[in-house]
Amino acid sequence: MATHTVSQDSPGQDLQPPPPRPAKKRSGARAPGERSIAASPTTWFVWAGMAAFFIFLIGVLVSVVVDSLGKPWFDSWLPQHFVTSWYSDAWDQFGMAHIIAVTLIVALTVIVVSVLVGVPAAYLLARRKFPLKRTITLLFLLPVLMPPITYGIPLATVMYNFGLGRTLTAVILVNLVPSVPFVIMTMTPFIEQINPTIEDAARMSGASMRRVFTRILMPLLVPGILAASILVLVRTVGMFELTFLVSGPSSDTLVVAIYRAMTAAGGGEARQLISSMAVVYTITMMVILVVALRFVSPTQLVARVKESRDD
């Protein structure tokens, strides 16, 4: 009897293909998420540039601080003696208390006026449509984009013609020219990102425009107002050109007073006195920034605006 061998596979059943072999890892290839230990030349170039910048900056600051404490200092790396008398001499000789007070008065006044004028103007640009809107927006951008000296000289001429030259009022007015447009340009994106239906719902509930602005919009705009105020503060304290053109002995800010001390009597003042004033200026700016950043964190501004928009 003939024996027939019957296949175990049923007719029509496809055979399973063998499992694929793992691909050999090529030299230099990395798995997804795996990072290379050696950095690329571009990364090294960027880090080297950042390190050189900070080393240069720290070196300049350290040299000024050492110069303000040295007595005398000739051909050595460090002064022969360290004293603090230069600070007291500069404080008494240049009237630093009055100069710092004037600087703070000018900066705070410019901030308050710029916010009171700039926020409503930014609201109109963000919410209203009217003729020549693009032209008006461009006019607001000009004082921010143009160098201050280009419009500072005609502006100073007007101030002197009205008898306001060398006064505190003139210093405040000329600093408002770039500060108000700066607040408008900063606040307009913040207002545009707030959902307008929130205002419509408040008006439908019977709220007036004033109550909508003070009770609803202002709490949402606090991050933007703080950010704009910080930028205006730094810009005003460091503004030299406009302030120098209209200020006088009783209305100089700190940065202008340092320049006048450097050029007084053909530069005859002791270098250590100028260095002491520069250190006081740097410390003042750092204190202002630390106090300002205590109330607002720039890295969280975008997130806060996004949250307010989602709400």
Side-chain angles (χ1 to χ4, degrees), residues 103 106-156 158 170-196 198-199 209 212-214 216-243 245-246 253 255 285 288-289 291-293 295-310:
T103 303
V106 171
L108 295 177
T109 306
V110 170
I111 289 173
V112 172
V113 177
S114 299
V115 170
L116 292 177
V117 176
V119 174
Y123 179 82
L124 293 177
L125 290 177
R127 290 287 191 262
R128 299 290 187 265
K129 294 183 178 180
F130 49 87
L132 302 178
K133 180 179 178 179
R134 293 181 179 272
T135 305
I136 295 176
T137 304
L138 179 61
L139 292 177
F140 281 132
L141 279 173
L142 288 180
V144 180
L145 299 178
M146 294 174 59
I149 197 67
T150 57
Y151 59 86
I153 295 177
L155 188 60
V158 173
V171 175
I172 294 174
L173 290 177
V174 297
N175 279 279
L176 285 174
V177 174
S179 297
V180 172
F182 195 80
V183 173
I184 294 174
M185 294 298 103
T186 305
M187 292 303 303
T188 300
F190 278 88
I191 298 175
E192 289 176 346
Q193 295 182 49
I194 297 176
N195 196 337
I198 300 176
E199 307 169 38
M209 186 61 193
V212 170
F213 198 83
T214 56
I216 297 176
L217 289 179
M218 288 301 293
L220 297 176
L221 294 178
V222 167
I225 293 174
L226 291 177
S229 300
I230 293 173
L231 297 175
V232 170
L233 175 66
V234 176
R235 185 184 181 93
T236 304
V237 174
M239 177 61 70
F240 172 77
E241 297 95 333
L242 298 179
T243 305
L245 291 173
V246 298
T253 58
V255 64
M285 290 292 296
I288 290 174
L289 286 177
V291 173
L293 294 177
F295 300 98
V296 58
S297 176
T299 58
Q300 298 176 356
L301 291 178
V302 178
R304 291 181 182 179
V305 174
K306 184 178 184 301
E307 290 175 0
S308 65
R309 184 181 181 181
D310 295 339

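Being a predicted model, the structure only gives us computed values, none of them experimental.
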(message) Let me confirm one number: the CG-OH distance from L217 to Y123, rounded to the nearest 0.5 Å.
(response) 5.5 Å
(request) Nearest 0.5 Å please: distance from the CG atom of L108 over to the OG1 atom of T236. (result) 9.5 Å
(request) Test side chain to side chain contact (heavy atoms under 4.5 Å, CB included) on M185 and T137 and set out the steps. (result) CA-CA 9 Å; M185 294 298 103; T137 304; 4.2 Å; yes
(message) Which heavy atom of R235 sits nearest to which heavy atom of P143, and what is that distance?
(response) NH2-O, 4.1 Å
(request) Identify the heavy atoms of S179 and N175 that sit nearest to each other, and give their distance. (result) OG-O, 2.7 Å
(request) With rounding to the nearest 0.5 Å, note down the distance linking CG in L221 to CD1 in I216. (result) 11.5 Å
(request) Dump the intermediate steps for side chain to side chain contact (heavy atoms under 4.5 Å, CB included) on F213 and V119, then the final yes or no. (result) CA-CA 10 Å; F213 198 83; V119 174; 3.7 Å; yes
(request) Compare every heavy atom of V115 with every heavy atom of S229, then report the nearest pair and how far apart it is. (result) OG-CG2, 3.7 Å
(message) Between V255 and T243, is the side chain to side chain contact (heavy atoms under 4.5 Å, CB included) condition met? List the steps.
(response) CA-CA 9 Å; V255 64; T243 305; 5.9 Å; no
(request) For M187 and A228, work out which heavy atoms get closest and say how close. (result) SD-CB, 4.4 Å
(message) I'd like to know whether Y151 forms a side chain to side chain contact (heavy atoms under 4.5 Å, CB included) with L242, so could you lay out the CA-CA distance, the side-chain angles of the two residues, the decisive distance to 0.1 Å, and finally the verdict.
(response) CA-CA 9 Å; Y151 59 86; L242 298 179; 4.1 Å; yes
N/O donor-acceptor pairs under 3.5 Å from side chains in residues 125-134, not counting sequence neighbours:
from: R127; atom 1: NE; to: E199; atom 2: OE2; distance (Å): 2.9
from: R127; atom 1: NH1; to: I191; atom 2: O; distance (Å): 3.1
from: R127; atom 1: NH2; to: I191; atom 2: O; distance (Å): 3.2
from: R127; atom 1: NH2; to: I194; atom 2: O; distance (Å): 2.8
from: R127; atom 1: NH2; to: E199; atom 2: OE2; distance (Å): 2.9
from: K133; atom 1: NZ; to: L125; atom 2: O; distance (Å): 2.7
from: K133; atom 1: NZ; to: R128; atom 2: O; distance (Å): 3.1

(message) Please find the pair of heavy atoms, one from T253 and one from T103, that lie closest to each other, and give the distance.
(response) CA-OG1, 3.4 Å
(message) Quick check: do T109 and L176 have side-chain heavy atoms less than 4.5 Å from each other?
(response) no
(request) Grab the two heavy atoms, one from V110 and one from I172, that are nearest each other, plus how far apart they are. (result) CG2-O, 4.0 Å
(request) Output the distance between atom CG (L233) and atom CG (L226), rounded to the nearest 0.5 Å. (result) 12.0 Å
